[in-house]
Amino acid sequence: MSDLLKNLNEVQRQAVLHRNGPVVVFAGAGSGKTRIITTRIAYLIETGVLPWEILAVTFTNKAAEEMRHRSLALAPETKRSTITTFHSASARWLREFAGELGYEPNFSIYDDQDVTRALKHIIKLVMPKGEIPALVGEMKTFLHYVKTAGVFVNEIDDFATQNPLRVPTGGVQIYKLYQEFLAQSNAMDFNDLLLNVLLLLRRNERVKSILGNRYQYIMVDEFQDTNRTQFEIIQHLAERHRNLMVVGDDDQSIYSWRGATPSNIIDFDRTYPDASRIALEENYRCTGNIVAAASKLVANNKKRAAKTLFTNAPAGDPIEVHLEVDGEMEAYWIAEEIWAARNKYDYENVAIFYRTNSQSRSLEEALLRRRIPYTIYGSLEFYERMEIKDLLAYLRLIANPSDDVSFLRIYNVPTRGLGDKALETLQKFATSQSVSLWKAADLTLADPQQKGSPKLKYLVDLLKALREEILANPLNEAVKTVLEAVEYPEYLKKKYPDQYADKMDNIQELAAGIIEFENKNPGTTLANWIETVSLVREDAKGKESKGVSMMTLHMAKGLEFPRVFIAGVEDGLLPHRNSLEDPASLEEERRLLYVGITRAKSKVSLTLAKRRRNFNNEMAHPPSRFLLEIPAEYMELSLKAQEVLRPEDTPVQLTYVYDSTDEGDIEEGSNVYHPTYGRGTVQGFDVHLGARKAVVNFRDFGYRKIRPSQLQIRGSHD
């Protein structure tokens, strides 16, 4: 037996040894799919296949680099095999055959900004009175859809007739003009790299013959993520030799919004009726309880290939489910758990996943308070996001009219026709008078000798009115007041139509943070809150670059960590509110949670909150319906979680450290815990500034008046 096969199990060995004809390999989470691809490449070479006759494609540069590295470790000759991404392979082939399409080999590849500029130019010609930023976003989405669906420009008229709801106003004409523009510019966008290769393979027999003969063995990783265009490319390339191996897991298909078509792998045997089917079902990553819980969860999906993930690893810890009173306490609990277990799980071995980027705000602040280093992947830190910085600039300027940096940021945001030349004149005048920009603008408008523009007057009047209203009203109204006064949501919708929902979620989270701060600090001021945020941001600048990994569940795919927390496991968040009425979307949300759970090697905690803030309102999300699909024997529920998810169960022994409480649970004599003041005993109640407060005698801080919702009843073992 070849040494290459010694460390494989029987099913993995079967996949590596498969020689001729199509084969689909369903590789469950943690079952070693990269191992079988790289080992098969090395084994084919060892048994006489020429290295350059092997093509292996995957989706990301990181995954391709990992595959190349592991292949080289097995067989140095694999450096002559083509192991790459779909887009890199397509770019290479198009450089070779550019002339067949009328392109020069040195064609440009347009990135997102280049595409934006091109579309702005074209849309102005076609729809000069339209809202250009909004139309650009709409056309980008449309072009991505038709190109990943394999719809060529000569087919767009028929497509529009058959799918009128898929085509925005002007879409057909803009698609045609855009493709003409690219051709004249000797340029392609990223979708064209695939579409033009498909065009060659469909129409040019010479190119198809060359490429088809070149690759005798083709392997495709993460096949569940392929779109229609990619699948057809692979079909054409494999047509001559038919030695096609596709590897993937339909249970991990979470990118339908990018055009991914999980039916490509589920229904592979319809395209290739003679295809062999191999299922890698043994998980080598996770403990037994994690594998069993994830398998039972995803088995509720109806559109999936039949398979059952299993492991021979010990059962390990059950899936921990923890319910908190609100999102802030949920974040605090996660941070405390990470800190308490820091000797068992190094920070670098811990990950926090969440469904939406807006959830990171409370988590970041909780980690910073505990001085736990963290890194956010795939997104900016909360207070560095554009929309948050814009609103912070308004609020900082309201609190401090001399803040020139903030004035400069909001000067023309949202767009109000104030240009750079007017700003330069204003800055010179401010310098000459030794005053702030706001003051300079005010003086300019008051001086009959100066020519203050109506647009500048509008800005100054707006800022004055905002300052008067915000400082005279409760702090919790501040964000809403700014949004309405400057029509910021409308600005976002026009300029960032495809990101609008995410940006508004972030803004709602900012408002929730202000409200939470005000609840903890009655009678506080806007300046107090800004000072606190500034300190949080400064702490974030000084933190280490490594530490706990934070990311959305979509970013987590392909990664693994010993310790995983998944926050916000509630209906409306996970599954997301946009998916609740669509069965296909709901199944993808279930796969998303499955992916998150199976990233963990040793321990998983699923957290949820009874309520979360939405501006000045509290929203109560029910526990995720997915939690009810995981059998009780694989889970360990905190007391509050038991009351909600397993109300018929009576716990014999509490397994939690601290569990948040409703206000009604706190009474005189209760032993309680507070995240700042520590342990104490409730002595009575009082009403302070209109709010009911518990009078608590803390062991280390003496008497304090605290909102009952911020207290926790101590666990039974304390």
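The chain is numbered in sequence order, starting from 1. The analysis underlying the following values was restricted to heavy atoms, covering all of them including side chains, and did not include hydrogens, waters or symmetry mates.
- Residues G596 and L553 approach most closely at CA-CD2, 3.6 Å, considering heavy atoms.
- Taking the charged nitrogens against the carboxylate oxygens, R277 and D269 have no contact shorter than 4.0 Å, which rules out a salt bridge.
- Taking a cutoff of 4.0 Å between a charged side-chain nitrogen and a carboxylate oxygen, D571 and R625 qualify as a salt bridge.
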Original post:
Which is it for S256 and E588 under the side chain to side chain contact (heavy atoms under 4.5 Å, CB included) test, yes or no, and what are the steps along the way?
Top reply: CA-CA 8 Å; S256 64; E588 183 156 323; 2.8 Å; yes
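- Using the six-membered ring where Trp is involved, W333 and H322 have ring planes that are parallel, under 30° apart on the 30 and 60° scheme.
- We find the CG-OG1 distance between D225 and T261 to be 10.0 Å, quoted to the nearest 0.5 Å.
- Atom CD1 of I218 is separated from atom CD of Q235 by 11.0 Å, given to the nearest 0.5 angstrom.
- Within the 3.5 Å criterion, the main-chain N or O of P575 finds no donor-acceptor partner in the side chain of S579.
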**OP:** Under the side chain to side chain contact (heavy atoms under 4.5 Å, CB included) rule, what do F26 and S31 come out as? Steps first, then yes or no, please.
**Re:** CA-CA 10 Å; F26 289 95; S31 63; over 6 Å; no
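- Shown here for V321 and M635, the closest heavy-atom pair between the two residues is CG2-SD, 3.7 Å.
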**OP:** Go through the steps to decide whether R304 and D251 satisfy the test salt bridge (charged side-chain N to carboxylate O under 4.0 Å, His left out), and finish with yes or no.
**Re:** CA-CA 7 Å; R304 67 186 291 265; D251 288 334; 2.7 Å; yes
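- T82 and T84 are not linked by any side-chain donor-acceptor pair at a separation below 3.5 angstrom, with hydrogens and angles left out of the test.
- Of all heavy-atom pairs between T598 and A294, the closest is CG2-CB, 3.6 Å.
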Original post:
Could you go step by step and tell me if K296 and E629 meet the side chain to side chain contact (heavy atoms under 4.5 Å, CB included) rule?
Top reply: CA-CA 7 Å; K296 292 293 185 181; E629 298 173 355; over 6 Å; no
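- A salt bridge does not link K307 with E281: every distance from a Lys NZ or Arg NE/NH1/NH2 to an Asp or Glu carboxylate oxygen is 4.0 Å or more.
- The pair D274-R242 meets the salt-bridge criterion, with a side-chain N (NZ, NE, NH1 or NH2) lying under 4.0 Å from an Asp/Glu carboxylate O.
- Comment: E65 does not engage K62 in a salt bridge, judged by the lack of any side-chain N to carboxylate O separation of less than 4.0 angstrom.
- The number of heavy atoms from other shown groups lying within 6.0 Å of CG (N7) does not exceed 12.
- Each of H621, E570, E509, Q359 was evaluated against R612; a single residue qualifies, E570, per the side chain to side chain donor-acceptor pair (under 3.5 Å) test.
- Put simply, the side chain of N289 does not reach to within 4.5 Å of the side chain of D317, judged on heavy atoms.
- Taken from CD in Q642 to CD in E636, the straight-line distance is 9.0 Å, to the nearest 0.5 Å.
- Contact between V16 and R40 at its shortest, heavy atoms only, is O-CG, 3.6 Å.
- Using a distance-only test at 3.5 Å, with no hydrogens or angles considered, no donor-acceptor pair links the side chain of D346 to the main chain of N349.
- Inspection of the Q252 and Y594 side chains reveals no N or O donor paired with an N or O acceptor under 3.5 Å.
- For the residue pair Y332 / E337, no side-chain donor-acceptor distance below 3.5 Å is found, with atom types taken as modelled.
- Here the side chain of T60 pairs a donor or acceptor atom with the backbone of A63 at under 3.5 angstrom.
- In this structure, the side chain of S81 engages the main chain of P51 through a donor-acceptor pair within 3.5 Å.
- For the pair E328 and R361, the salt-bridge criterion is met [side-chain N within less than 4.0 Å of a carboxylate O].
- No donor-acceptor pair closer than 3.5 Å links the side chain of N283 to the backbone N or O of V291.
- The residues R370 and E336 are annotated as salt-bridged, a charged nitrogen and a carboxylate oxygen being separated by less than 4.0 angstrom.
- For the pair D267 (side chain) and R270 (backbone), a donor-acceptor distance under 3.5 Å is absent.
- Under the 6.0 Å distance and 45° angle rule, R563 counts as a cation-pi partner of F565.
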Subject >> Pair S88-T85, side-chain hydrogen bond (donor to acceptor under 3.5 Å, both in side chains): steps then yes or no >> reply: CA-CA 5 Å; S88 294; T85 65; 3.0 Å; yes
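- One distance of note links CG of L5 with OG1 of T39; it measures 8.0 Å at 0.5 Å rounding.
- Salt bridge annotation for K33-D221: present, with a cationic side-chain nitrogen under 4.0 angstrom from a carboxylate oxygen.
- T226 and N264 share a side-chain donor-acceptor pair at under 3.5 Å.
- In this structure, R591 contributes its side chain and S253 its backbone to a donor-acceptor pair below 3.5 Å.
- What you find for A42 and A75 is that their closest heavy atoms are CB-CB, 3.8 Å.
- Under 4.0 Å is where a charged nitrogen must lie from a carboxylate oxygen, and between E66 and R70 at least one such pair does.
- Here the straight-line distance linking atom CG of L193 with atom OG1 of T229 works out to 12.0 Å at 0.5 Å rounding.
- Between the CG atom in L573 and the OG atom in S624 there is a gap of 9.5 Å [rounded to 0.5 Å].
- The number of heavy atoms from other shown groups lying within 6.0 Å of CZ (R228) does not exceed 12.
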**OP:** Under the side chain to side chain contact (heavy atoms under 4.5 Å, CB included) rule, what do V604 and E320 come out as? Steps first, then yes or no, please.
**Re:** CA-CA 6 Å; V604 181; E320 185 176 35; over 6 Å; no
Subject >> Check against side-chain hydrogen bond (donor to acceptor under 3.5 Å, both in side chains), Q12 and Q14 >> reply: CA-CA 5 Å; Q12 290 173 333; Q14 180 187 350; over 6 Å; no
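- Between E560 and K601, at least one side-chain N (NZ, or NE/NH1/NH2) sits under 4.0 Å from a carboxylate O, which counts as a salt bridge.
- The pair R577-D505 meets the salt-bridge criterion, since a charged nitrogen lies less than 4.0 angstrom from a carboxylate oxygen.
- The minimum heavy-atom distance linking I290 with K603 is given by the pair CD1-N, 4.0 Å.
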Subject >> Intermediate values then yes/no, side-chain hydrogen bond (donor to acceptor under 3.5 Å, both in side chains), E53 and Y217 >> reply: CA-CA 6 Å; E53 293 180 333; Y217 288 90; over 6 Å; no
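- Side-chain contact annotation: N9 with Y284, donor-acceptor N/O pair under 3.5 Å present.
- Using modelled atom types, one side-chain atom of S360 and one backbone atom of N357 make a donor-acceptor pair closer than 3.5 Å.
- A salt bridge does not link K303 to D250: none of the charged nitrogens lies less than 4.0 Å from a carboxylate oxygen.
- Between F223 and F231, the angle of the ring planes goes over 60°, which puts this pair in the perpendicular group of the 30/60° scheme.
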Subject >> H236 vs E232, side-chain hydrogen bond (donor to acceptor under 3.5 Å, both in side chains): CA-CA, chis, key distance, verdict >> reply: CA-CA 6 Å; H236 284 295; E232 190 177 341; 3.2 Å; yes
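- Taking the six-membered ring for Trp and thresholds of 30 and 60 degrees, F86 and F59 have ring planes inclined between 30 and 60 degrees apart.
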